[in-house]
K.L.:
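Here's a structure for you.
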Amino acid sequence: VMTDLGTLGDTPLGLSVSLAEDINEVGLVVGEASVPNGQRHAFLWENGVMTDLGTLGGPSSRAIDINEAGQVVGWSLTPNGHKHAFLWEDGVITDLGTLGGTVTTAIAINEAGQIAGSSGNAESKERAFRWVEGEITDLGTLRGGVTSRATAMGEDGRIVGYSRSAENVPRPFVWEMGVMVDLGVTRGRFSAAVAINEGGRVVGAYRAPTGESHIFQWERGVMTDLGNLGSAVCTSIAINRMGQVAGSIRSGVGWYQVFVWREGVLVTVPALAKGDMRVTGINTAGQVVGDSPTPTGESQATLWQIVSR
């Protein structure tokens, strides 16, 4: 079952776009959508109604994650054109600051209100950060690393992502209680931890020497290869508390398709029309959010419902 979530209004040229980024357990969806002046604003979608969350004074914003309390994080342009992380709560949008640079993005918020993201520092190096009660902390890098980026946060405060070496090779990490741990994925030149669920199970991707991209699962120090899904490219991976995995693969016709992996079985889901698709979140109810092309070539925020057989 698939639902088009719509937009925040038609643009002057009639080309409206919406992109879904996350869904919580009660079905609230966040992302970005076109507004009538042609810019894009962060939105909150609930029971068929899409609400504009505004900006930090600049022209555009994007919501990236939402917790069960309805707190939303993402990024917004400021009046001087800088990209800053924000927290939206009860109609109020707050600038979370930076690590000394001009660019910062919040990508996750857990039930405790802890926030993870990435920010430029005073030396213009990207660093993963943790924000708690108004204090933003640089998480550093893996040994020998130059930069780091957070991609997800667990309910226990663990943060996952990847750290790049001086040779620009990314390595997946999990950060816990002040320590950044290398997940030890060594099967290719590129690897990154992308998502983590409530039980601490991490999923990510790596590129094999043959050029194929694989999905992996990491739990309690053990890495399991989930396969390459019959594709040369695999990206945009999400996992729910039940261990169901959703993501995007490049199909045989060259487009990205959305898939769901559960209990070792891969199921692809339909698009609104032919073209690239993207998945960004999956909840325990089996609701998957992402983007799907429309017959007119626009990208629209989309909600898929996994139906049990």
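On a predicted model such as this, the values are computed, not experimentally measured, just so you know.
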K.L.:
Rounded to the nearest 0.5 Å, what separation is found between the CG atom of D138 and the NZ atom of K125?
P.N.:
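Those atoms lie 13.0 Å apart.
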
K.L.:
Kindly write out the residues that satisfy salt bridge (Lys or Arg N to Asp or Glu O under 4.0 Å) with R278, not counting sequence neighbours, or none if the list is empty.
P.N.:
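For R278, the residues satisfying salt bridge (Lys or Arg N to Asp or Glu O under 4.0 Å) (neighbours in sequence not counted) are E21, D291.
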
K.L.:
Using the side chain to side chain donor-acceptor pair (under 3.5 Å) rule, pick out the option among S16, S18, S292 that qualifies with Q300.
P.N.:
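Among S16, S18, S292, the one meeting side chain to side chain donor-acceptor pair (under 3.5 Å) with Q300 is S18.
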
K.L.:
Are L96 and V72 connected into the same hydrophobic cluster when the rule is that any two of I, L, V, M, F, W, Y join if their side-chain heavy atoms are below 4.5 Å apart?
P.N.:
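The answer is no; the residues belong to distinct hydrophobic clusters.
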
K.L.:
Between N121 and G100 (side chain of the first, backbone of the second, donor and acceptor by atom type, cut-off under 3.5 Å), is there such a pair?
P.N.:
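Not confirmed, N121 side chain does not pair with G100 backbone.
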
K.L.:
To the nearest 0.5 Å, how far apart are CZ in F43 and OG1 in T7?
P.N.:
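One finds 10.0 Å between CZ of F43 and OG1 of T7.
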
K.L.:
Go through the steps to decide whether T224 and Q217 satisfy the test side-chain hydrogen bond (donor to acceptor under 3.5 Å, both in side chains), and finish with yes or no.
P.N.:
CA-CA 5 Å; T224 303; Q217 173 182 290; 4.8 Å; no

K.L.:
Nearest 0.5 Å, please: how far is CD in E133 from CD in Q114?
P.N.:
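Rounded to the nearest 0.5 Å, the CD-CD separation comes to 9.0 Å.
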
K.L.:
Counting N and O atoms only, with roles assigned by atom type, does the side chain of S165 sit under 3.5 Å from a partner on the main chain of G144, one being a donor and the other an acceptor?
P.N.:
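No, S165 side chain to G144 backbone: no donor-acceptor pair under 3.5 Å.
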
K.L.:
Compare every heavy atom of L87 with every heavy atom of V73, then report the nearest pair and how far apart it is.
P.N.:
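In this case the closest contact between V73 and L87 is CG1-CD1, 4.0 Å.
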
K.L.:
Which atom pair, heavy atoms only, marks the closest approach of H84 to T102?
P.N.:
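In terms of heavy atoms, the two residues are closest at CD2-O, 3.5 Å.
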
K.L.:
In chain order, what residues pass the salt bridge (Lys or Arg N to Asp or Glu O under 4.0 Å) check against E219, with sequence neighbours excluded?
P.N.:
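E219 satisfies salt bridge (Lys or Arg N to Asp or Glu O under 4.0 Å) with R201 once adjacent residues are dropped.
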
K.L.:
Please confirm whether the backbone N or O of T284 pairs with a side-chain atom of E25, one donor and one acceptor, at under 3.5 Å?
P.N.:
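Yes, E25 side chain to T284 backbone: donor-acceptor pair under 3.5 Å.
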
K.L.:
Check F216 against Y206 and note the closest heavy-atom contact, atom names and distance.
P.N.:
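In terms of heavy atoms, the two residues are closest at CD2-CD2, 4.0 Å.
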
K.L.:
Would you say T141's side chain and T147's backbone share a donor-acceptor pair under 3.5 angstrom?
P.N.:
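Between the backbone of T147 and the side chain of T141 there is no qualifying donor-acceptor contact (under 3.5 Å).
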
K.L.:
Strictly distance-based, threshold 3.5 Å: is any side-chain N or O of Q244 a donor or acceptor partner for the main-chain N or O of V260?
P.N.:
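Side chain of Q244 to backbone of V260: no pair is present.
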
K.L.:
In Å, rounded to the nearest 0.5 Å, how long is the span from CZ of R62 to NZ of K83?
P.N.:
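Between atom CZ of R62 and atom NZ of K83 there are 7.5 Å.
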
K.L.:
Say whether I64 and L77 are linked into one hydrophobic cluster, either directly or through other cluster members, by side-chain heavy-atom distances under 4.5 angstrom.
P.N.:
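Yes: a chain of side-chain contacts under 4.5 Å links I64 to L77.
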
K.L.:
So, H41 side chain and P59 main chain: donor-acceptor pair closer than 3.5 Å or not?
P.N.:
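Looks like yes, one N/O pair under 3.5 Å.
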
K.L.:
Between S118 and I107, is the side-chain contact (heavy atoms from CB on, under 4.5 Å) condition met? List the steps.
P.N.:
CA-CA 8 Å; S118 301; I107 53 85; 5.7 Å; no

K.L.:
Do you know which two heavy atoms are closest between F173 and L142, and how far apart they sit?
P.N.:
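In this case the closest contact between F173 and L142 is CB-CD2, 4.0 Å.
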
K.L.:
Would you check, one step at a time, whether the test side-chain contact (heavy atoms from CB on, under 4.5 Å) holds for V174 with W218?
P.N.:
CA-CA 10 Å; V174 58; W218 183 94; 4.1 Å; yes

K.L.:
Distance from E126 atom CD to R164 atom CZ, nearest 0.5 Å?
P.N.:
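Result: 8.5 Å between the selected atoms.
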
K.L.:
Quick one: do L8 and L303 end up in the same hydrophobic cluster if we chain Ile, Leu, Val, Met, Phe, Trp and Tyr together by side-chain heavy atoms under 4.5 Å apart?
P.N.:
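Yes; tracing contacts between hydrophobic side chains, which count when under 4.5 Å, links both residues.
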
K.L.:
What pair of heavy atoms forms the shortest contact from T151 to A193, and how long is it?
P.N.:
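That closest heavy-atom pairing would be OG1-O, 2.7 Å.
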
K.L.:
Show the numbers, then the answer: is there a side-chain contact (heavy atoms from CB on, under 4.5 Å) between V181 and E176?
P.N.:
CA-CA 8 Å; V181 178; E176 182 178 11; over 6 Å; no

K.L.:
With a 4.5 Å cut-off on side-chain heavy atoms, are V29 and Q287 touching?
P.N.:
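No - every pair of side-chain heavy atoms lies 4.5 Å or more apart.
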
K.L.:
In this structure, are over 12 heavy atoms from other groups packed under 6.0 Å from N47 atom CG?
P.N.:
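Not buried by this count: 12 neighbours or fewer within 6.0 Å.
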
K.L.:
Could you tell me whether a side-chain N or O of R158 sits under 3.5 Å from a main-chain N or O of M177, the two making a donor and an acceptor?
P.N.:
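Looks like no, no N/O pair under 3.5 Å.
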
K.L.:
If you round to the nearest 0.5 Å, how far is OG1 of T280 from CD1 of I237?
P.N.:
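Going from CD1 on I237 over to OG1 on T280, the span is 13.0 Å.
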
K.L.:
Check for me, please, whether I23 and L5 land in the same ILVMFWY cluster - side-chain distances under 4.5 Å, paths through other members count.
P.N.:
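Looking at the clustering, L5 is in the same group as I23.
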
K.L.:
Mind checking side chain to side chain donor-acceptor pair (under 3.5 Å) for D65 and listing every partner two or more places apart, or none if nothing turns up?
P.N.:
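By the side chain to side chain donor-acceptor pair (under 3.5 Å) rule, D65 matches no residue at all.
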
K.L.:
Is L28 reachable from W45 through a run of I, L, V, M, F, W or Y residues, each pair having side-chain heavy atoms under 4.5 Å apart?
P.N.:
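Each belongs to a different hydrophobic cluster.
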
K.L.:
Please find the pair of heavy atoms, one from W304 and one from V289, that lie closest to each other, and give the distance.
P.N.:
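For W304 and V289, the tightest heavy-atom pair comes out as CZ3-C, 4.0 Å.
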
K.L.:
Would you say the side-chain atoms of T98 pair up with the backbone N or O of T104, donor to acceptor, closer than 3.5 Å?
P.N.:
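Between the backbone of T104 and the side chain of T98 there is no qualifying donor-acceptor contact (under 3.5 Å).
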
K.L.:
Look at the side chain of D22 and the backbone N and O of I66, then say whether any donor-acceptor pair between them is shorter than 3.5 Å.
P.N.:
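Pair found, side chain donor or acceptor close to backbone of I66.
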
